[in-house]
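We use all heavy atoms of the structure for the numbers below, so side chains are in, but hydrogens, waters and symmetry mates are not.
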Amino acid sequence: MTHTILIVDDEERLLDVLGGMLEGFGYTVLQAGGAVDALAQLSRESVDLVLTDLRMPGLSGRELLAEIRRTHPILPVVVMTAFATLRDAVQLIKDGAFDYIGKPIEFEELEATVANALRLHDALRDNDRLRQELEGRYRIEGLVGTSPRMQEVMKEITEVAPSRTTVLVTGESGTGKEVVARAIHFNGPRRAKPFVAVNAAAIPEQLLESEFFGHVKGAFTGATANRIGRFAQADGGTLFLDEIGDMPLALQAKILRVLQERQFEPLGSHQTRQVDVRIVAATNRDLKRMVAEGQFREDLFYRLAVFPIALPPLRERREDVPLLLRRFAEEIGPQVGRRAVAFSPEAEALLMRYDWPGNIRELQNCVERSLLSSRGPVIGAADLPPYVAQRPTIPSDAAPTFPIDLDEALDAFEKGRILAALKETGGVQVEAARLLGINERSLWHRIKKHGITVTKAVMA
């Protein structure tokens, strides 16, 4: 996506120079010769960043900043000035500027500062969009599950959401830990503030501290501009710390301090920043065992586990599978050009028998693949991914004797279902195919494969 930057300066030559530089970085550039012109353009154009001079005739850059904060609260503003003292710079940041750049402007500093400001804008815009789109989706009643285990989870979310209590969500990978975290956020008093998620396992260890707390220009090699961290981004809202069990011990101590004191210092800075953030952490690891083995701080564990919520794996709430199938079919179907799709009883039975090692995430992927494989309004057993039929885990009433030829057993199962469907429909293959959730041509090939005589099937 191409970002649009509005440059505001009363010097026409500087506008042209900066415009050329920013266009060289790949941005779309708008120009304004003063604050009044800038506000007029902002009223009719979609802009991702404002780069403004501080001292201008008429409305100053500081007055423009104040008006932008009032009318466009998430639009980042970078101020250019040749006269800034440290006190001026601090005041600009307090007034709501993302950052400032000293004149004469350096190429690398401009590029880095603009990139960081746009990164913040994208995050804030996405949070705003997600808040509007997902607020209803992540309400308690939007969570899928009628099983006793899931009803208990929903009860716990209802109890803890109105508070600022720290929550620890545990469960296997793919069980929906982030869904629960979002439900807690969107059902609490912070729903209008940012929800920021960070996966501790997905970030290189040497970058984690900067990712969480941000840094100032020059804090380390490559730090060419200030960067805002995740704690600052989530100020007033919720910070979701996913895979907390993978966080290094050294960083655990710093996270603990923020939880205790509600403050931190960006890397390379001596200025303490106060922060009001609710923490929801999640892990698929046994933190108690890690504490006993010295791999996780005991004091941090008890800070995080004030209100624990344990999510059950899907194999322990199989009665929820049909509901999840319908939910995912409704959500994914329109994305792949399919609407009003149902699952045949045979397909649903196979899906109920499968043990789902990847939990809800695997089920969601299975639904998408099945939608792409099927052609009719009903997804049949033949449309499911092969592994679903190859890994049934709930035994039948008559337990098989091992060793067993799995292909032979599956063929026998398929043949029995086809014979039952043919008998049910009086040998009308179109109707039998519909019952089985497959097309008529596929049924014909299977009848031929198994050597089935339709008339004998009807008479049996």
Next on the checklist: R303 and side-chain contact (heavy atoms from CB on, under 4.5 Å): which single residue from T166, L256, I255 fits?
Outcome noted: L256
Checklist entry - In a check of side-chain contact (heavy atoms from CB on, under 4.5 Å) between L287 and each of L168, T170, L300, which one passes? => result L168
Point-to-point distance, once rounded to the nearest 0.5 Å, from [atom1] of [X] to [atom2] of [Y]:
X    : Y    : atom1 : atom2 : answer
I74  : R69  : CD1   : CZ    : 9.5 Å
M290 : Q295 : CE    : CD    : 5.0 Å
L22  : I5   : CG    : CD1   : 4.5 Å
S370 : L351 : OG    : CG    : 6.5 Å
L251 : F213 : CG    : CZ    : 5.5 Å

Next on the checklist: Within the 4.5 Å heavy-atom criterion, are L363 and N365 side-chain neighbours or not?
Outcome noted: no
Checklist entry - Within a strict 4.5 Å, meaning less than it, do heavy atoms of the L371 and F328 side chains meet? => result no
Item to check | side chain to side chain contact (heavy atoms under 4.5 Å, CB included) against Q151, all qualifying residues, sequence neighbours excluded | outcome: M154
Checklist entry - Quick one: do the S147 and D320 side chains pair a donor with an acceptor below 3.5 Å? => result yes
Next on the checklist: Under a plain distance cut-off of 3.5 Å, with no hydrogens placed, do E172 and N284 share a side-chain donor-acceptor pair?
Outcome noted: no
Checklist entry - Pick from E362, R318, R315: which one makes a side chain to side chain donor-acceptor pair (under 3.5 Å) with Y354? => result E362
Checklist entry - For Q274 and E261, which heavy atoms make the closest approach, and how far apart are they? => result OE1-O, 4.3 Å
Checklist entry - For the residue pair F240 and F195, does the interplanar ring angle fall in the parallel (under 30°), tilted (30 to 60°) or perpendicular (over 60°) class? => result parallel
Checklist entry - Is it true that R369 and D383 have a side-chain N and a carboxylate O under 4.0 angstrom from each other? => result no
